[in-house]
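Here the structure comes first, spelled out in structure tokens, and everything after it is commentary.
Chain identifiers are assigned alphabetically (A, B, ...) following the order of the sequence lines, protein sequences preceding nucleic acid strands; residue numbering begins at 1 within each chain.
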Amino acid sequence: MIAESGLIFLWLAAMMALLQSLFGISVLNNRLENLFSGAVKITAIIQAALALAAFAMLLWLFMRVDLSVMLVAENDHWAKPMLYRLAASWGNHEGSMLLWVTILSFCGALLALFSGKSDQKLLSLALGSQAFLALGFFAFLLFVSNPFTRLNPPASEGLGLNPLLQDPGLAFHPPTLYLGYVGLSVAFSFAVAALLTGKADRDFAKSMRVWVLGAWVFLTIGITAGSYWAYYELGWGGFWFWDPVENAALMPWLAATALFHSVSVLAKRDALRVWTLVLAVTAFSMSMIGTFLVRSGILVSVHAFAVDPWRGSFILGLLGLYIGGALALFALKIGKIHQGNHFVLPSREAGLVLNNLFLGVILAIVLIGTLYPLLAELISGEKLSVGAPYFNLIITPLALLLCVLMPLGALLRWKQDNWMTLKWPIQISAYFFIIIEYALYLKGKWATAPMASLAFGVAVAVAVLCIWPLFLQKKKLWRIRLNVWGMVLAHLGIAVTLCGIASTELFSKELLTALKPGQQANMGSWRVHFDRVMPDMGSDWTAIVSDIRVERWGHSFTLHPALRHFTNPVTDTSETALKTTEAGQLYLVLGQQADDGRWQIRGWWKPLVTFIWGGGFLTAFGGILILLDRLWEHLQKRRRKSRPDERQRLFL
Amino acid sequence: MKPWLKWLPLVAFALCFVLFRLALSHPENPVVPSKQIGKPLPEFHLPAALPDMAGVETRQMKDGKPHFLNIFASWCVPCAQESGALMAMHDAGIPIMAIAIRDKPADITRFLNRYGNPYQAIGVDQGSQVQLAIGSSGVPESFLIDGQGVIRYQHIGAVTESDLPQLMTIWRQITA
């Protein structure tokens, strides 16, 4: 009965979505506006409650391991801990799409509940558009991806026990990314509403800003966590592979970053109206295209999901309807929307526009690189993959330039500023840059890794520029407003990540040697003692496990890289050993034994590699601080508003 | 804003849309030719999984007649899903041998009683040694073996009704 109730909740939610989109659109008629603007909010809340109920039913089925439901039988197992039973519910196609649409409805309900001050017409239309989006995805679930399909007769045992995916980081990776992807739907709906009413003013930007920022924070956390998981769990030693699914998450992030900056300009200075609308439509479109690329299986990726062309066609239809519809609306209506205020060079607006342009170009390059294999296969019939070399070659110089521009915009004043404002910060950071580049030149790094040398200097110089706004405030550090701190930390996080990437390229130490037990070797500043090897065995393998002690500056620990020998078929695998310290990461591999009794040992010391993800989380934390600042400001305004009433009451 | 400029996003998206549409209508051929094709079966001798049925060994497969070898387990859900298609092949007169992976006689009997028994013989592979040696990494998988004991086709995953025509074609090729 649980599965049937889930299905009923899903149908009811879909009907509510239909009703809500009809109510929403009827607001365009002025006479109906007052009648339906309340109804649209109520339906939004009911719709979200129904979607949540449907999702709760799915969670319940997974908790009970109800093997008479196909999805549960295929993905769950009674031996799993409770956390992974729950995670299994969204670790598959149908469940993850249900989560997707549940978050979409939930965002709609939050919008209905907490946007009291927004223009009512704009809000009703945005809610209508949100419901129309949800409707398509409800239909997708009900007609081609029903998560509640029964299995008759029930399975005797569940299938899902993939130990690689049983990791707390991975359990929460999809929901975090989805909150980001789908949070952008609100910006999309606001843009559609603005195009319909022809009003894209400061109020519109203020209504949208918090949503864009919230979605952006979730995307940042989701991408950073996913990158770290790939690094330590898959053990390939890389943190970004330009895999289509990674790009599918990166593209909305790039668009959301640009959108957040342009919506800030619109909210503050009433400029960039058209550009903000384009970005708001683009950001969520990138989320949907990402979902489509992942779910249809048309691109070859390490993230293997079930390939199903029919489902792919359905999502593509939705894509055409929503993105095509919004862009057609844009083309038809944008003429009626005034461009907004103009601005001059140099000003903060101009700096932000320049950053936006760079983000846009990088976004286009990632999109083209991701889709190129599809095009090439259609034209020549040959399979090819656009790998890291293409992306690294083209994106690295652009990203470095963008990093340099990033803090400069923040140093300029709104409206109009003087170039002299930038003189001191640029001068000081240039000194840092020159000193670092000179030091790297002396160490011979320029010859071996020119791009990484440049990037390391840029990272440090940019970090200096990033914290400069704190000194411009001429206040004690704890008196500076949270949004300034947020901006500084978010920008600084990018510099920290860049520093991590450059330093692993520049300073990684590699060891390739052959040792007998009892012998030692040096790897950079580390002393490596090869203590002994011990035999070990499992069900279908035997292994040689080594004890390798590494020490530096009085710290020492022992790692156990091993060599496994599978008997059937005969295969040797290396079990690498990893150790993370504050300063970096050690990576050891045990190789084959040579005739003279020595063992091959490979090792890497990757200094500051953790900066890559540390920077990502710092950036997200900056975003959270800005959100807190908005919340604080909102509460302050409320208090200020209620004060005059009190005074009046006192006088009376 | 120039009038043509405002249509630019829509045109760009339309191009992407056409690309996606074409990519979808040219679905990737799901059959990746297996590396095992053309290789002889490794030598193995598996004991009978059930007291009243024979076990499976390589010698049986070299009797000059083609064989269908199915790797399954009673604890595997897709194996239950493919039982219909396997019964259809059995009814069409194709002899099916099976290797049960990490299984118990009681469970196998229950499985066969529930979903039907298309098998001529079932050998049990407790440690997955034979499974790995044949080049199979999961259940269910199926192999078409010619009369000389050479692997002619490998099917990964459950055999569905829609796979039957292709399997029958290959079967007829091997028989002829």
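Between chain B and the residues A:Val281, A:Leu319, A:Thr282, A:Leu367, the most heavy-atom pairs under 4.5 angstrom are made by A:Leu319.
Listed by chain and residue number, nothing satisfies the salt bridge (Lys or Arg N to Asp or Glu O under 4.0 Å) test with A:Lys333 (two or more places apart in sequence, or in another chain).
Proximity to chain A at a heavy-atom threshold of 4.5 Å picks out nothing from residues 85-111 of chain B.
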Before you tell me yes or no, could you show the steps for B:Phe72 and B:Tyr119 under ring pair (Phe, Tyr, Trp, His ring centres under 6.0 Å), namely the whole-Å CA-CA distance, both residues' side-chain angles and the distance that decides it to 0.1 Å? CA-CA 11 Å; B:Phe72 82 107; B:Tyr119 305 121; 4.9 Å; yes
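In this structure, B:Arg114 places its CZ atom where more than 12 heavy-atom neighbours from other residues, nucleotides or ligands lie under 6.0 Å away.
Donor-acceptor pairing under 3.5 Å is lacking for the side chains of B:His45 and B:Thr58.
Checked against the 6.0 Å centroid criterion, the rings of B:Phe20 and A:Phe292 qualify as a close aromatic pair.
Side chain of B:Asp125 to main chain of B:Val130: a donor-acceptor pair is present (N/O by atom type, distance under 3.5 Å, no hydrogens or angles).
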